[in-house]
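Okay, structure first, notes after.
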Amino acid sequence: MFYPDKNFINTLSAGERFIFLKIICGTVAANRLVSREELLYLKEAALKYDVSGESLANMIKSSDRKALIMQARMIDDRKKALMLIKDMCMVANIDNTLDDSEIDYILDIAAAMHIEPERVQEINAVVNEYLAVSQKACLLLEQEHWT
């Protein structure tokens, strides 16, 4: 996971961490396909957000788009909202496929947090650049993961 601000997660309350992870799981549930890469990303996110990884499957299965959008409206700190969008873009792109249903979901969540579609597009572009560089670094360093 990539965080420009290494202390970002520490700024979130336990409730915010849980909401973030639920919304991120909703990104995976948007197209009803869970790839190995997405699942690994979610497990890592659960560790970083200090939320039980065991509840990930339930979060994905029980994703209710309307309820998640309502929860997103409670995130009124713009910096936190932008980081959530970044995480959503990461998980949506981690398997090298960005489905229309994932894009629609991310845009709905962004709108609920008053984040402009253009900003989402820019964040998504940066995430894709980061993923491409990470993949190249793994190849060059002959490693499975780039950290």
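What you see is a predicted model, and the numbers here were worked out from it, not measured in a lab.
Judged purely by atom type and a 3.5 angstrom limit, Tyr49 has no side-chain atom pairing as donor or acceptor with the backbone of Ile19. Of the possible polar contacts, one joining the Ser63 side chain to the Met59 backbone as a donor-acceptor pair under 3.5 Å is found.
Ser101 pairs by the side-chain hydrogen bond (donor to acceptor under 3.5 Å, both in side chains) definition with Asp99, not counting sequence neighbours. Residues forming a side-chain contact (heavy atoms from CB on, under 4.5 Å) with Met70 (at least two apart in sequence, or on another chain): Arg73. Lys80 pairs by the salt bridge (Lys or Arg N to Asp or Glu O under 4.0 Å) definition with Glu16, not counting sequence neighbours. Every residue meeting the side-chain contact (heavy atoms from CB on, under 4.5 Å) condition with Arg32, not counting sequence neighbours, appears here in chain and number order: Ala29. The side-chain hydrogen bond (donor to acceptor under 3.5 Å, both in side chains) check on Asn128 picks up nothing, with sequence neighbours excluded. Evaluation of the salt bridge (Lys or Arg N to Asp or Glu O under 4.0 Å) rule for Glu118 yields no partner, not counting sequence neighbours. Applying the side-chain hydrogen bond (donor to acceptor under 3.5 Å, both in side chains) criterion to Glu37, with sequence neighbours excluded, gives Ser35.
Considering Asn93, Thr27, Asp87, Asp95 as possible partners of Tyr41, the one that fulfils the side chain to side chain donor-acceptor pair (under 3.5 Å) test is Asp87. When each of Leu107, Leu84, Leu82 is tested with Ile115 by the rule side-chain contact (heavy atoms from CB on, under 4.5 Å), just one qualifies, namely Leu82.
Every pair passing salt bridge (Lys or Arg N to Asp or Glu O under 4.0 Å) that includes a residue from residues 106-117 is listed here, sequence neighbours excluded: Arg65-Asp108, Arg78-Glu116. Within the structure, salt bridge (Lys or Arg N to Asp or Glu O under 4.0 Å) pairs that include any residue of residues 122-138 comprise Arg119-Glu122 (at least two apart or interchain).
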